[in-house]
J.: 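Before I ask anything, here is the structure I am working with.
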Amino acid sequence: MGNVCTLSAVELCQALRKGEVSSRALTRAYLERIDALEPKLQAFLTLTPDLALQQADLADQVLFEWRKDTARLLPPLTGLPIVIKDLLCQRGVRTTCGSRILENFIPPYSATAVQRLLDAGVVTLGKTNTDEFAMGSSTENSAYQITRNPWNLTRVPGGSSGGSAAAVASAMAPLALGTDTGGSVRQPAAFCGVTGLKPTYGRVPRYGLIAYGSSLDSVGVLARSAADAAMLFQHMAGYDPLDASAMDVPVPRYSLQDKRDMRGLRIGVPEQYFITGIQHEVEQAVRNAITAMQGLGAEVVEISLPHTKYALPVYYLIAPAEASANLARYDGVRFGLRVDDPNMTALTRKSRGAGFGPEVKRRIMLGTYALSAGYYDAYYGQAQKVRTLIKQDFEKAFEQVDVIAAPVTPSTAFKIGEHNEDPLAMYLEDVFTLPANLAGVPGLAFPVGFDGEGLPIGMQLMGRHFDEQTLLQAAHTYQLFTDWHTRRPEF
Amino acid sequence: MNQIDPQTFAHLVELAALELKAGEGDYLRKELNHQLQAIDELTAIPLDDSVEIAAHGVPYPLEHSAPLRKDEPQTLIDPTTILEQAPETEERYLVVPDIPHTTLE
């Protein structure tokens with residue numbers, strides 16, 4: 001075979017089953033590519049080559065036995081390498097959340113999403129860089145390193161799942177797990193020219209996902225195509241008795257058809273997502289993609305999501321409020337960093353002061369303020385009410401249309417350091433992705449073009465609760481006719 | 001518009017259990033006030049009492065909510081592996097500095 005690292009995940013699964021490539025050879029190929037590219041990209045916080053090769057050898061044994069008797073049950077992803085955002089626990093593998101406070105944390109259990117994929121036979125190559133506790137849109141807030149965008153090393157890969165997006169875009173892995181609290185799968189997917197799925201809230205269990213904003217966090221997928229994303233997502237979704245927020249809704253078979261048209265699909269285009277200030281090339285590329293879908297038979301409908309403008313302030317109250325509660329567990333006593341002091345209270349304060357970075361402290365403080373006596377109703381309570389209005393916007397829209405099409409970000413990937421002095425400018429990067437998290441609806445980002453500087457442009461489709469299938473099928477059909485998702489950065 | 005004064009800020013730092021480095025507090029307070037300007041518009045939105053709060057984006061009807069587990073003890077993780085993550089233990093207890101007894105008023 002040629003360069004196996006450039007094959008799609010679907011093709012790799014087929015090649016592994018046919019014995020055209022062994023899992024060991026495939027894993028070694030990816031590890032060698034990581035060795036070559038990682039010094040430039042800095043996408044990984046922890047690499048696990050020994051574990052990966054052990055898993056690969058076991059997978060090869062399983063595949064060998066299966067080929068002798070194909071009537072045997074074969075775990076569906078046997079031998080396929082993936083990478084995991086360092087916000088998800090993997091038993092025995094260091095999990096830092098990009099934070100000094102968890103620098104030496106070795107989880108004693110695996111996240112349900114990770115365990116399900118291990119049970120499905122995957123090989124895990126390592127843990128990818130993230131903004132500290134997923135708080136950021138550029139991966140610059142990692143306490144360890146800044147990941148570079150494979151399309152232009154002076155640009156950010158987006159965040160917080162920037163390590164995962166950069167790894168997939170540069171073919172250091174065929175698939176990656178990410179998490180999306182306010183856009184952290186879709187925005188890096190758009191910046192790196194890959195496909196990123198944020199499922200419906202409650203579709204993939206959060207057990208073992210280290211919590212940031214508990215009413216918003218979703219475990220998602222970064223892939224090279226909608227077909228690859230669907231394949232991984234299939235084996236992560238579904239009810240989990242260990243997570244009360246995982247919904248007991250049947251998981252369909254996400255079988256994408258090579259449909260050559262989009263007849264019957266109604267696409268809503270919300271005016272509030274095409275605002276002044278959006279990069280012209282981004283708007284043009286997204287509108288061109290919508291026109292292309294219309295040309296394939298989809299019906300395009302102008303819609304309104306009138307409360308979109310409030311999504312940013314609502315998110316930046318609710319998420320920090322939930323974060324301030326969730327991060328209270330880092331006390332220097334049970335796990336994580338401890339800075340010793342003979343006074344117990346001082347020990348906790350010193351440990352947290354030394355272990356958390358500036359953005360995390362900023363959000364803890366804002367959340368503490370929003371939840372404190374005298375301000376709770378005015379801020380947190382009010383934000384929860386406005387969240388209802390944002391949800392109702394989506395409910396009304398989905399009475400008219402099947403999916404909503406919009407840009408993922410107002411611009412393409414920005415320069416490293418560009419927003420360092422202005423956190424609010426950084427927050428504005430999420431303006432188009434936050435509403436889906438607040439409404440709990442699924443969102444799928446995929447590439448629809450490039451700007452004049454050769455940077456990828458992403459579009460997102462948002463859908464009804466638990467209707468990931470429609471999003472994946474629409475993107476798959478679009479990808480049958482276009483080649484944006486097949487283009488690769490050169491090194 | 002609400003502004004966080006130094007006294008309120010000091011109280012928040014205590015609630016958040018953070019020790020801040022010299023200069024970090026002033027910077028954070030300035031940032032917080034800057035952010036409050038941006039989110040203050042929320043407080044001005046007129047909402048009648050019929051608007052309910054949304055704790056989640058997804059509704060949780062009973063038929064889709066997680067069923068209750070049987071009230072039986074389960075060991076998911078060996079407690080020893082959990083204790084291995086603690087900075088300091090002694091005979092399976094977490095070790096912390098002496099906490100002086102206080103009398104609640």
Side-chain angles (χ1 to χ4, degrees), chain A residues 105-106 108-109 200-202 215 239 241 243-249 310 313-314 316-317 324 331-335 338 341-344 346-350 352-353 356 361-362 364-366 368-369 372 375 378-379 381-389 391 423-424 437-441 465, chain B residues 2 4 8-9 11-21 24 27-29 31-32 34-43 45 47 51-61 63-67 69 76-88 94-100:
Chain A
F105 177 59
I106 312 286
Y109 64 99
T200 307
Y201 180 84
S215 77
Y239 163 70
D243 177 6
S245 69
M247 300 273 272
D248 193 7
V249 176
Y310 298 127
V314 167
Y316 279 101
L317 272 168
S324 71
D331 54 8
V333 173
R334 292 161 297 163
F335 53 86
R338 171 184 286 195
D341 191 281
N343 179 292
M344 178 61 212
L347 179 150
T348 294
R349 286 185 185 154
K350 284 184 176 177
R352 290 165 62 82
F356 291 138
K361 286 177 186 168
R362 197 159 32 228
I364 287 174
M365 291 294 291
L366 183 58
T368 303
Y369 180 68
S372 59
Y375 302 104
Y379 283 116
Q382 181 82 349
Q384 285 188 303
K385 285 187 169 184
V386 181
R387 184 178 187 176
T388 297
L389 303 181
K391 276 178 62 179
L424 281 179
N437 298 81
L438 293 168
V441 300
H465 291 143
Chain B
N2 280 314
I4 299 174
T8 305
F9 183 78
H11 179 56
L12 291 173
V13 171
E14 196 176 315
L15 287 175
L18 288 170
E19 183 177 88
L20 302 179
K21 292 186 275 250
E24 204 177 5
Y27 169 75
L28 265 179
R29 191 168 74 84
E31 286 294 324
L32 279 180
H34 189 41
Q35 288 176 4
L36 279 180
Q37 279 179 33
I39 58 182
D40 226 41
E41 63 177 306
L42 277 186
T43 60
I45 302 172
L47 294 173
V51 179
E52 296 188 357
I53 64 161
H56 289 94
V58 180
Y60 275 84
E63 65 269 28
H64 292 158
S65 296
R69 293 197 297 271
L76 288 171
I77 304 165
D78 176 8
T80 308
T81 64
I82 297 173
L83 284 168
E84 281 170 2
Q85 295 303 314
E88 192 179 352
L94 300 170
V95 176
V96 295
D98 283 341
I99 302 171

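Note on naming: letters A, B, ... go to the chains in the order of the sequence lines (proteins, then strands), and numbering restarts at 1 for each one.
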J.: Tell me, side chain or backbone of A:V314 under 4.5 Å from chain B's heavy atoms, or both, or neither?
T.: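 Backbone plus side chain of A:V314, per the 4.5 Å heavy-atom cut-off to chain B.
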
J.: Any side-chain donor paired with an acceptor under 3.5 Å for A:Y109 and B:D78?
T.: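 Checked: A:Y109/B:D78 side chains show no N/O donor-acceptor pair below 3.5 Å.
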
J.: Determine whether a donor-acceptor pair (N or O, by modelled atom type, separation under 3.5 Å) exists between the side chain of B:Q35 and the backbone of B:L32.
T.: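 Side chain of B:Q35 to backbone of B:L32, a donor-acceptor pair under 3.5 Å: no, none is there.
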
J.: For the interface with chain A, which of B:T43, B:I45, B:L28 has the highest count of heavy-atom pairs at distances below 4.5 Å?
T.: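 Of B:T43, B:I45, B:L28, B:I45 has the most heavy-atom pairs under 4.5 Å with chain A.
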
J.: If I measure from the heavy atoms of chain A, does B:L18 come under 4.5 Å with its side chain, its backbone, both, or neither?
T.: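 Both the backbone and the side chain of B:L18 come within 4.5 Å of chain A.
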
J.: Please check: side-chain N/O of A:R334 versus main-chain N/O of B:Q85, any donor-acceptor pairing under 3.5 Å?
T.: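 No, the answer is negative, given that no donor and acceptor are paired below the 3.5 Å cut-off.
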
J.: What part of B:L12 lies closer than 4.5 angstrom to a heavy atom of chain A: side chain, backbone, both or neither?
T.: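 Contact with chain A involves both backbone and side-chain atoms of B:L12.
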
J.: With a 4.5 angstrom heavy-atom cut-off, which part of B:H11 approaches chain A: side chain, backbone, both or neither?
T.: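 Neither; nothing under 4.5 Å.
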
J.: So for A:Y239, is it side chain, backbone, both, or neither that comes closer than 4.5 Å to the heavy atoms of chain B?
T.: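 For A:Y239, the side chain is the part near chain B, not the backbone.
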
J.: Does A:T388 reach the main-chain N or O of B:A54 with its side chain, forming a donor-acceptor pair under 3.5 Å?
T.: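 Yes: the side chain of A:T388 pairs with the backbone of B:A54.
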
J.: So which atom in B:P97 and which in A:M344 form the shortest heavy-atom distance, rounded to 0.1 Å?
T.: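 In terms of heavy atoms, the two residues are closest at CD-SD, 3.7 Å.
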
J.: Answer with side chain, backbone, both or neither: which region of A:L438 has an atom nearer than 4.5 Å to a non-hydrogen atom of chain B?
T.: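 The backbone, not the side chain.
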
J.: Under 4.5 Å heavy-atom distance to chain B, tell me which part of A:S245 shows up: side chain, backbone, both or neither.
T.: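 Interface part for A:S245: both.
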
J.: Counting heavy-atom pairs under 4.5 Å with chain B, which one of A:Y201, A:F335, A:F356 comes out on top?
T.: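 It is A:Y201.
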
J.: What closest approach, in Å, do B:P61 and A:M247 show between heavy atoms, and which atom pair accounts for it?
T.: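 Nearest heavy atoms, B:P61 then A:M247: CD-CE, 4.4 Å.
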
J.: Suppose we call two aromatic rings close when their centres sit under 6.0 Å apart. Are B:Y60 and B:H64 close by that rule?
T.: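 Ring centroids of B:Y60 and B:H64 are no less than 6.0 Å from each other.
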
J.: Kindly give the heavy-atom pair with the smallest separation between A:R362 and B:Y27, and that separation in Å.
T.: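 Scanning both residues completely, I find the closest heavy atoms to be NH1-OH, 3.0 Å.
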
J.: Within a 6.0 Å radius of atom CD on B:E52, are there more than 12 heavy atoms belonging to other residues, nucleotides or ligands?
T.: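 Open.
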
J.: Specify which of B:E41, B:E63, B:E84 makes the most heavy-atom pairs with chain A at under 4.5 Å.
T.: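 The option with the most such pairs is B:E41.
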
J.: Between A:K350 and chain B, with a heavy-atom cut-off of 4.5 Å, which part of the residue counts as in contact: side chain, backbone, both or neither?
T.: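 For A:K350, backbone and side chain are both near chain B.
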
J.: If you count heavy-atom pairs within less than 4.5 Å of chain A, which of B:A38, B:A55, B:P59 leads?
T.: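 Looking at each option in turn, the highest pair count goes to B:A55.
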
J.: Do you know which two heavy atoms are closest between A:K385 and B:V51, and how far apart they sit?
T.: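 Where A:K385 meets B:V51 most closely, the heavy atoms are CE-O, 3.3 Å.
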
J.: Does the separation of the ring centres of A:Y369 and A:Y379 fall below 6.0 angstrom?
T.: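 Ring centroids of A:Y369 and A:Y379 are less than 6.0 Å from each other.
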
J.: Identify which of B:V13, B:L47, B:L20, B:L76 forms the greatest number of heavy-atom pairs closer than 4.5 Å to chain A.
T.: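 Highest number of heavy-atom pairs under 4.5 Å: B:L47.
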
J.: Which bit of B:V95 is near chain A, if near means a heavy-atom gap under 4.5 Å: side chain, backbone, both or neither?
T.: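 Only the backbone of B:V95 comes within 4.5 Å of chain A.
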
J.: Heavy-atom cut-off 4.5 Å, strictly under: side chain, backbone, both or neither for A:A383 against chain B?
T.: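 Answer is both: backbone and side chain atoms of A:A383 are under 4.5 Å from chain B.
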
J.: Please rank B:V58, B:T8, B:L15 by heavy-atom pairs under 4.5 Å with chain A and give me the top one.
T.: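 The candidate making the most pairs under 4.5 Å is B:V58.
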
J.: Determine yes or no for a side-chain-to-main-chain donor-acceptor pair under 3.5 angstrom, with A:R338 supplying the side chain and A:G332 the backbone.
T.: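 Checked: pair present.
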
J.: Within the 4.5 Å heavy-atom criterion, are A:M365 and A:S324 side-chain neighbours or not?
T.: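 No, their side chains stay 4.5 Å or more apart.
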
J.: Counting only heavy atoms closer than 4.5 Å, note whether A:T348 contacts chain B via side chain, backbone, both or neither.
T.: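 Looking at A:T348, backbone and side chain both touch chain B.
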
J.: Name the option with the most non-hydrogen atom pairs under 4.5 Å to chain B; the candidates are A:L366, A:V441, A:L389, A:I364.
T.: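 It is A:L366.
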
J.: Could you tell me which of A:N437, A:L347, A:V333, A:V249 has the largest number of non-hydrogen atom pairs under 4.5 Å with chain B?
T.: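 Most heavy-atom pairs under 4.5 Å with chain B: A:V333.
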
J.: Give, as side chain, backbone, both or neither, the part of A:D331 having an atom under 4.5 angstrom from any heavy atom of chain B.
T.: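 A:D331 has no heavy atom closer than 4.5 Å to chain B.
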
J.: Between chain B and each of A:G440, A:G353, A:P313, count heavy-atom pairs under 4.5 Å; write down the option with the most.
T.: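 Going by pairs under 4.5 Å, I would pick A:P313.
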
